[in-house]
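Here the structure is laid out as structure tokens; the discussion comes afterwards.
Just so we're clear, the structure is a prediction, and the values are computed from it rather than from any experiment.
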Amino acid sequence: FTITQQQVKAQILPDRQTTIWGYNGMTPGPTIYVDQHRKAVVRQICALPDRHPELGYNVWTSTHLHGSCSLPEYDGYASDITTPGAFKDYQYPNIQDARTLWYHDHGVHITANNAYMGLAAQYIMHSDAERALPIPHGQYDLPMILKDAMFQENGDLVIDDNNENGIYGDVILVNGVPWPRMDVEPRKYRFRVLNASVSRSYDLSLDTGEPLTVIGTDGGLMPAPQPCAH
């Protein structure tokens, strides 16, 4: 896989554009699908500007695959930085059970701001055992990436870490769309929910009052389904 970290203007709000940093110019970035026991190499190319467009800091990135048993040199530890114009090939063994992982920026000192700019995406590992289970598959197995953001009048992001006490937004995005609506069929769905917010947590529920059931985490499928307390 080849992923390019880019600064682009994205259509998030309906009437203006937002400067974001995206994997392949998208936020969230592309979902990577892999099979258990098949190794993968992801080339991460840093094509971001040398300096942040608003905050002015020198830019570097480090890509961490959250939940992967990667070797240390491919873990994306904070000080293993890639600067604009350079790239790094990350090797992933994919030997774990089927699970929902995610990749995000982890650059030392600037992780929160880099991630808030949009550098987050899912990495889904399938296995034969998972595919054989009577759970939703294919179009009914959906990544759902939650994130909060705040916008300036011109459409760009408000970046304020509240004196390093957290970054919060007043608009909730799901897969990069503010307050979205999804038409569904009267059947079960699997939502692979990722909280990609820098600081905010969520209490999820269905407005119909019907139950949510947890069948897996970033550590893999659970031994048995568990009801989601609300």
Side-chain angles (χ1 to χ4, degrees), residues 1-34 42 44 61 63-68 98-106 111-126 135-151 155-159 167-185 187-208 210 212-218 228:
F1 302 92
T2 300
I3 303 289
T4 302
Q5 304 160 12
Q6 298 169 296
Q7 176 175 296
V8 299
K9 288 284 190 178
Q11 192 74 51
I12 298 175
L13 302 174
D15 58 349
R16 60 205 68 194
Q17 293 193 317
T18 303
T19 301
I20 62 102
W21 290 357
Y23 294 116
N24 286 355
M26 304 184 301
T27 184
T31 301
I32 295 176
Y33 293 91
V34 297
V42 180
Q44 290 282 355
T61 63
T63 305
H64 175 61
L65 180 57
H66 185 103
S68 173
R99 64 190 58 207
T100 304
L101 306 96
W102 66 299
Y103 60 101
H104 62 85
D105 187 70
H106 204 211
T111 294
N113 290 331
N114 285 4
Y116 184 71
M117 288 294 291
L119 294 174
Q122 288 199 15
Y123 182 107
I124 294 175
M125 189 188 311
H126 289 297
I135 57 177
H137 299 286
Q139 63 179 318
Y140 304 109
D141 179 1
L142 300 172
M144 183 178 288
I145 300 179
L146 310 180
K147 178 185 173 182
D148 58 339
M150 189 176 292
F151 297 89
D156 282 339
L157 293 168
V158 174
I159 307 173
I167 298 178
Y168 294 92
D170 57 357
V171 176
I172 305 301
L173 309 175
V174 182
N175 294 346
V177 180
W179 311 109
R181 173 188 173 89
M182 176 183 171
D183 293 325
V184 297
E185 299 176 30
R187 55 152 296 147
K188 290 182 179 179
Y189 282 77
R190 180 180 183 182
F191 293 115
R192 297 176 182 261
V193 180
L194 164 64
N195 180 6
S197 295
V198 173
S199 305
R200 187 179 299 280
S201 59
Y202 297 91
D203 183 6
L204 301 178
S205 64
L206 297 174
D207 62 7
T208 61
E210 294 173 280
L212 292 171
T213 302
V214 180
I215 64 170
T217 69
D218 57 1
C228 184

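- Asp156 and Thr19 form a side-chain donor-acceptor contact under 3.5 Å, judged by distance and modelled atom types alone.
- A donor-acceptor pair is defined here as one N or O able to donate and one able to accept, closer than 3.5 Å; no such pair exists between the side chain of Asp218 and the backbone of Gly67.
- Distance alone, capped at 3.5 Å, places no donor-acceptor pair between the Thr63 side chain and the Asp105 backbone.
- With rounding to the nearest 0.5 angstrom, the CG atom of Leu119 is 8.5 Å from the CD atom of Gln44.
- Scanning for side chain to side chain donor-acceptor pair (under 3.5 Å) contacts around Trp21 gives Gln7, with sequence neighbours left out.
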Ring pair (Phe, Tyr, Trp, His ring centres under 6.0 Å) between Tyr33 and Tyr123, worked out: CA-CA 6 Å; Tyr33 293 91; Tyr123 182 107; 9.4 Å; no
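- Taken to the nearest 0.5 Å, the NE2 atom of His104 stands 8.5 Å off from the CG atom of Leu65.
- Contact record, Asp148 with Val198: OD1-N, 4.5 Å, taken as the closest heavy-atom pair.
- Nearest approach of Arg99 to Thr217, heavy atoms of both residues: CB-O, 4.2 Å.
- No hydrogens or angles considered: nothing links the side chains of Tyr116 and Ser197 as a donor-acceptor pair under 3.5 Å.
- In this structure, the side chains of Ile172 and Tyr202 come closer than 4.5 Å at one or more pairs of heavy atoms.
- One side chain, Thr61 or Gln5, offers a donor N or O that lies under 3.5 Å from an acceptor on the other.
- Separating the OG1 atom in Thr18 from the CG atom in Leu157 is a distance of 6.0 Å, to the nearest 0.5 Å.
- Nearest approach of Pro180 to Val174, heavy atoms of both residues: CG-CB, 3.5 Å.
- Gln139 places no side-chain N or O within 3.5 Å of a backbone atom of Asp141 that could act as its donor or acceptor partner.
- No donor-acceptor pair under 3.5 Å is formed between the side chain of Gln122 and the backbone N or O of Pro30.
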Using the rule given for side-chain contact (heavy atoms from CB on, under 4.5 Å), can you reason through Leu194 versus Leu146, listing the C-alpha separation, both sets of side-chain angles and the distance that settles it, and then say yes or no? CA-CA 6 Å; Leu194 164 64; Leu146 310 180; over 6 Å; no
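- Side-chain contact, Gln6 with Thr4: no donor N or O sits under 3.5 Å from an acceptor N or O.
- Checked options Arg192, Met182, Arg190; the residue passing with Leu142 is Met182 (criterion: side chain to side chain contact (heavy atoms under 4.5 Å, CB included)).
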Show your reasoning for whether side-chain contact (heavy atoms from CB on, under 4.5 Å) applies to Tyr140 and Val184. CA-CA 9 Å; Tyr140 304 109; Val184 297; over 6 Å; no
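- Between Glu210 and Thr208 the shortest heavy-atom distance is OE1-OG1, 2.9 Å.
- Separation of atoms CG (Leu101) and CD1 (Ile124) is listed at 9.0 Å; rounding is to 0.5 Å.
- Between Ile167 and Asn113, some side-chain heavy-atom pair lies under the 4.5 Å cut-off.
- Arg200 contributes a side-chain N or O that, together with a main-chain N or O of Gly169, makes up a donor-acceptor pair within less than 3.5 Å.
- Met117 is listed as a side-chain neighbour of Ile159, based on a closest heavy-atom distance under 4.5 Å.
- Nearest heavy atoms, Gly176 versus Pro28: N-CD, 3.5 Å.
- Heavy atoms only, all atoms of each residue included: Trp102 and Ala120 are closest at CZ3-CB, 3.9 Å.
- Between the OG1 atom in Thr213 and the NZ atom in Lys188 there is a gap of 7.0 Å [rounded to 0.5 Å].
- Within the 4.5 Å cutoff, the side chain of Pro178 has heavy atoms near those of the Ile12 side chain.
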Worked check of side-chain contact (heavy atoms from CB on, under 4.5 Å) between Phe1 and Val34: CA-CA 10 Å; Phe1 302 92; Val34 297; 4.1 Å; yes
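- Put simply, CG on Asn114 and NE2 on His106 are 11.0 Å apart, with the number rounded to the nearest 0.5 Å.
- Without hydrogens or angle criteria, His137 side chain to Ile135 main chain gives a donor-acceptor distance under 3.5 Å.
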